[in-house]
Amino acid sequence: MLDPKFTQIGKIDHLGIAVRSIDAALPLYAGMLGLKLHEIEDVPDQGVRTAVFALGESRIELLEPTTPDSPVAKFLEKRGEGIHHVALGVDDVVMALARLKAEGVRLIDETPRKGAGGAMIAFVHPKSTGGVLLELCQR
Ligand code: CMX
């Protein structure tokens, strides 16, 4: 069991929501819900276009696939639109990965990669987390 003092998880950094089209989702999030659109960005490494809405200390990240074989395209095909991942804000993503690995948690990314907004990110496999795709996110 990990000592909670060393968890280093400070907040929910963002929720990732898979959508077929950001343009089609904007009237709900920016219009009806009135959320503040922070930026729209292509993340070629992940095969997505993202629209990020600032929401207090946290964010909502809409994810639209840009390639047919990307994780989000596969998710949409299999499950349809909806919550895709929960991103936890960590102080040190390398350290957090090392700790999870030592605990036997199944990692998707053994080393961090670059995500939206220049963050360093790494994913933990949903088979190890009760069916929730977790992202560790260091800003
Ligand atoms: N949340 C929860 N479970 C998920 C999931 C998700 N987002 N995506 C897939 N799964 C489940 C599948 O339903 C499947 O479960 P069952 O075996 O019970 O059916 C299992 O995980 C394996 O799925 P799969 O279809 O065989 O495997 P995939 O090839 O789709 O890969 C995953 C799944 C999670 C390994 C892959 O999507 C991945 O590597 N994700 C990390 C990267 C990513 O998601 N990038 C997009 C976001 C980018 C960003 O935020 O910038």
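In each ligand, atom 1 is the first atom listed, and ligand 1 is the first ligand listed.
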Which ligand 1 atoms are under 4.0 Å away from a heavy-atom of [X]?
X    : answer
E135 : 50 (O)
V72  : 46 (C)
K127 : 15 (O), 16 (P), 17 (O), 18 (O), 20 (C)
H85  : 50 (O)

What's the shortest distance from [atom] to any protein heavy atom, and which residue and atom give it?
atom                    : answer
atom 22 (C) of ligand 1 : H125 CE1, 4.4 Å
atom 47 (C) of ligand 1 : F123 CZ, 3.9 Å
atom 9 (C) of ligand 1  : P126 CG, 4.7 Å
atom 37 (O) of ligand 1 : P71 CB, 3.4 Å
atom 5 (C) of ligand 1  : F75 CD1, 4.0 Å
atom 28 (P) of ligand 1 : K74 NZ, 3.9 Å
atom 38 (C) of ligand 1 : I108 CD1, 4.0 Å

So, are [X] and [Y] salt-bridged, with charged N and O less than 4.0 Å apart?
X    : Y   : result
E64  : R20 : no
R139 : D91 : no
D69  : K74 : no

Where do [X] and [Y] come nearest, in terms of heavy atoms and distance?
X    : Y    : answer
C137 : A119 : SG-CB, 3.8 Å
V72  : L63  : CG1-O, 3.8 Å
I108 : L133 : CD1-CD1, 3.6 Å
F123 : D109 : N-OD2, 2.8 Å
V93  : Q138 : N-OE1, 2.9 Å
A51  : I22  : N-CD1, 3.6 Å

Are any of the heavy atoms in G131 under 4.0 Å away from ligand 1?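 It does, in that a heavy atom of G131 comes within the 4.0 Å cut-off of ligand 1.
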
If you count heavy atoms of other groups shown closer than 6.0 angstrom to CZ of R106, is the number above 12?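 Atom CZ in R106 is not packed in, count stays at 12 or less.
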
Flag if over 12 foreign heavy atoms under 6.0 Å of NZ, K11: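 Enclosed: over 12 neighbouring heavy atoms sit under 6.0 Å from NZ of K11.
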
Is atom 33 (C) of ligand 1 in close reach of the protein, with a heavy atom under 4.0 Å away?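 Within 4.0 Å: no protein heavy atom nearby.
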
Heavy-atom protein neighbour under 4.0 angstrom from atom 7 (N) of ligand 1: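 So atom 7 (N) of ligand 1 has protein heavy-atom neighbours under 4.0 Å.
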
Does ligand 1 have a heavy atom under 4.0 Å from the side chain of L63, from its backbone, from both, or from neither?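 Side chain only; the backbone of L63 stays clear of ligand 1.
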
Option of least heavy-atom distance to atom 13 (O) of ligand 1 (set: R79, E61, H84):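 Looking at heavy atoms only, the winner is R79.
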
Quick one: which of Q46, K78, R113 has a heavy atom closest to atom 48 (C) of ligand 1?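 That would be Q46.
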
